[in-house]
Amino acid sequence: MEKISVITPCYNSAATIGDTLQSISAQTYSNIEHIIVDGGSKDNTLEIVRNMARPGSVIISEPDEGIYDAMNKGLRRATGGIVSVLNSDDYYASDLALARMMAFMADNDLQAAWGDIEYLTAGIVGRYWRAGHYTPGKFRFGWVPPHPAFFCQRSLLDQFGYLRYDMPVAADYELMFRLIEKHRVRCGYLPGLITKMRTGGNSGSVRNIFKGNFSDIARAWQINGHAFPWQFPLCKPLLKIKQYNLKAR
């Protein structure tokens with residue numbers, strides 16, 4: 001049974017991290033390494049982590065340079081063959097989430113894979129992101145996997161690089177673009193809900209939505225040797241509109 005390393009960056013996350021920790025402890029998949037990277041929280045986040053984290057979890061607490069720095073700290077510390085990030089305001093949709101994903105990747109010899117996510121506002125589902133399958137060039141039309149349900153081999157990061165620090169909003173987009181569209185790693189889509197994500201966070205403000213959707217994403221294309229497609233600003237909002245009030249099938 002291959003080990004999976006789940007990275008949880010957090011900072012002053014006392015209100016939500018309990019759900020994150022509980023969802024990991026409830027997983028039926030047993031070979032999990034959970035790495036919690038705290039940025040020096042001022043509330044009782046660390047107390048909750050120490051009381052609720054699964055046995056053997058790695059806990060790091062020190063100042064960092066932001067969420068992507070925290071993610072990279074955890075990813076570099078990871079010893080699992082598969083890695084994923086579960087933020088401190090997100091949680092797995094079922095206790096079978098990791099078992100399903102790990103079996104899917106192993107059975108299909110995949111280097112990266114993703115499933116679906118739900119967005120929750122005050123506990124109510126307002127948006128369902130059904131990622132769908134990848135075909136070459138699909139990024140041109142606004143497609144991207146949802147990063148809270150994205151998994152990949154740790155060796156890919158050693159080979160192709162980790163999250164970039166010079167993209168404060170869309171480093172996760174750039175990494176997935178780099179792996180899937182540029183390097184064409186063996187990847188696949190597992191239909192079904194994997195992660196529930198509370199709205200808000202690093203990309204939740206109007207300013208960051210604009211920056212993430214256009215400015216940083218345009219840079220992601222350019223630094224990976226691709227011209228930013230003219231149709232992207234038209235297609236991406238349309239894809240997002242379809243996700244609202246969309247139920248899983």
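Residues take their numbers from the sequence shown, with the count starting at 1.
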Q | Cluster overlap L156 with M101, hydrophobic side-chain contacts below 4.5 Å | A | no
Q: Would you check, one step at a time, whether the test side chain to side chain contact (heavy atoms under 4.5 Å, CB included) holds for L175 with L157?
A: CA-CA 9 Å; L175 177 63; L157 304 179; 4.0 Å; yes
Q | Residues in side chain to side chain contact (heavy atoms under 4.5 Å, CB included) contact with I59, at least two apart in sequence or another chain | A | I36, L46, V49, R50
(Q) Taking I82 as the starting point, is it possible to reach Y92 by hopping between hydrophobic residues whose side chains are less than 4.5 Å apart? (A) yes
Q: Quick one: closest heavy-atom pair of G18 and M52, and the distance?
A: O-CE, 3.4 Å
Q) Is Y189 close to P145 at the side-chain level, that is, under 4.5 Å between some pair of heavy atoms? A) no
Q) Short question: side chain of R54, backbone of S25 - any donor-acceptor pair under 3.5 Å? A) no
Q. Under 4.5 Å between any side-chain heavy atoms of Q159 and H183, yes or no?
A. no
Q. So how far is it from L193 CG to W129 CH2, rounded to the nearest 0.5 Å?
A. 13.5 Å
Counting only pairs under 3.5 Å, give me each side-chain donor-acceptor contact of residues 132-143, with atom names and distances, residues two or more places apart or in other chains.
from	atom 1	to	atom 2	distance (Å)
Y134	OH	E181	OE1	2.6
Y134	OH	R184	NE	3.2
K138	NZ	H133	O	2.4
W143	NE1	A131	O	2.8

Q | Linked, directly or transitively: F151 and M197 (ILVMFWY side chains, under 4.5 Å) | A | no
Q: Could you grab the distance from atom NZ of K182 to atom CH2 of W221, nearest 0.5 Å is fine?
A: 13.0 Å
Q | Side-chain donor or acceptor of S84 paired with backbone N/O of F150 under 3.5 Å | A | yes
(Q) Please check this pair: side chain of N31 against backbone of M1, looking for a donor-acceptor N/O pair closer than 3.5 Å. (A) yes
Q: First locate atom CG of L190, then atom CE of M105, and finally report the distance between them rounded to the nearest 0.5 Å.
A: 10.5 Å
Q) If we only count heavy atoms from C-beta on, is the D38 to C10 side-chain gap below 4.5 Å? A) yes
Q. Quick one: CD1 on I17 to CD on E47, what's the gap to the nearest 0.5 Å?
A. 12.5 Å
Q. Within the distance-only criterion (no hydrogens, no angle test), does the side chain of S94 pair as donor or acceptor with the backbone N or O of L96 below 3.5 angstrom?
A. yes
**Q.** Single-linkage hydrophobic cluster I117~I180, side-chain heavy atoms < 4.5 angstrom
**A.** yes
Q | Closest non-hydrogen atom pair between D116 and P191, with its separation | A | OD2-C, 4.5 Å
Q. Is there a path of hydrophobic side-chain contacts, each under 4.5 Å between heavy atoms of I, L, V, M, F, W or Y residues, that connects F104 with V6?
A. yes
(Q) Whether R178 engages the ring of F160 as a cation-pi pair (distance to the six-membered ring centre under 6.0 angstrom, angle to the ring normal within 45°) should be assessed. (A) no
Q | Approximate separation, where rounding is to 0.5 Å, of I4 CD1 and T79 OG1 | A | 11.5 Å
Q: Answer yes or no: is there a side-chain heavy-atom contact under 4.5 Å between K236 and V144?
A: yes
Q.
Around atom CD of E65, are there more than 12 heavy atoms from other residues, nucleotides or ligands closer than 6.0 Å?
A. no
Q: Measure from the side-chain N and O atoms of R77 to the backbone N and O of I60, and report whether any donor-acceptor pair falls under 3.5 Å.
A: no
**Q.** Smallest separation among heavy atoms of G115 and I194, with atom names
**A.** CA-CG1, 3.8 Å
Q.
Within the 4.5 Å heavy-atom criterion, are K42 and Y11 side-chain neighbours or not?
A. yes
Q) Only one of L163, I217, D216, N224 forms a side chain to side chain contact (heavy atoms under 4.5 Å, CB included) with E174, so which one is it? A) N224
Q | From CA spacing to verdict: side chain to side chain contact (heavy atoms under 4.5 Å, CB included), Y91, L21 | A | CA-CA 8 Å; Y91 56 95; L21 298 168; over 6 Å; no
Q) Run the side chain to side chain contact (heavy atoms under 4.5 Å, CB included) check on D166 and Y68 step by step: do they pass? A) CA-CA 10 Å; D166 59 350; Y68 295 126; over 6 Å; no
Q.
Strictly distance-based, threshold 3.5 Å: is any side-chain N or O of R198 a donor or acceptor partner for the main-chain N or O of D89?
A. yes
Q) So, does Q111 use its side chain to make a donor-acceptor pair with the main chain of Q153 at under 3.5 Å? A) no
Q) Taking all non-hydrogen atoms of both residues, which atom of A14 and which atom of N44 are closest, and how far apart? A) CB-OD1, 3.0 Å
Q: Provide the closest heavy-atom pair for V85 versus P9 in the form atom of the first, atom of the second, distance.
A: CG1-CD, 3.9 Å
Q: Find the distance between OG1 (T8) and CG (D90) and round it off to the nearest 0.5 Å.
A: 9.0 Å
Q: Indicate yes or no: at least one non-hydrogen side-chain atom of D69 is less than 4.5 angstrom from one of Y165.
A: yes
Q. Going by side-chain heavy atoms closer than 4.5 Å, which hydrophobic residues are tied to I223, directly or by a chain of links?
A. M167
**Q.** Closest contact, heavy atoms only, A78 versus V83
**A.** CB-CG1, 3.9 Å
(Q) Closer than 3.5 angstrom, by distance alone: can the side chain of S13 be matched with the main-chain N or O of S88 as a donor-acceptor pair? (A) no
Q: With side chain to side chain contact (heavy atoms under 4.5 Å, CB included) as the test, would you mind laying out the steps for E2 and Y29 before giving the verdict?
A: CA-CA 10 Å; E2 186 168 22; Y29 195 82; 4.3 Å; yes
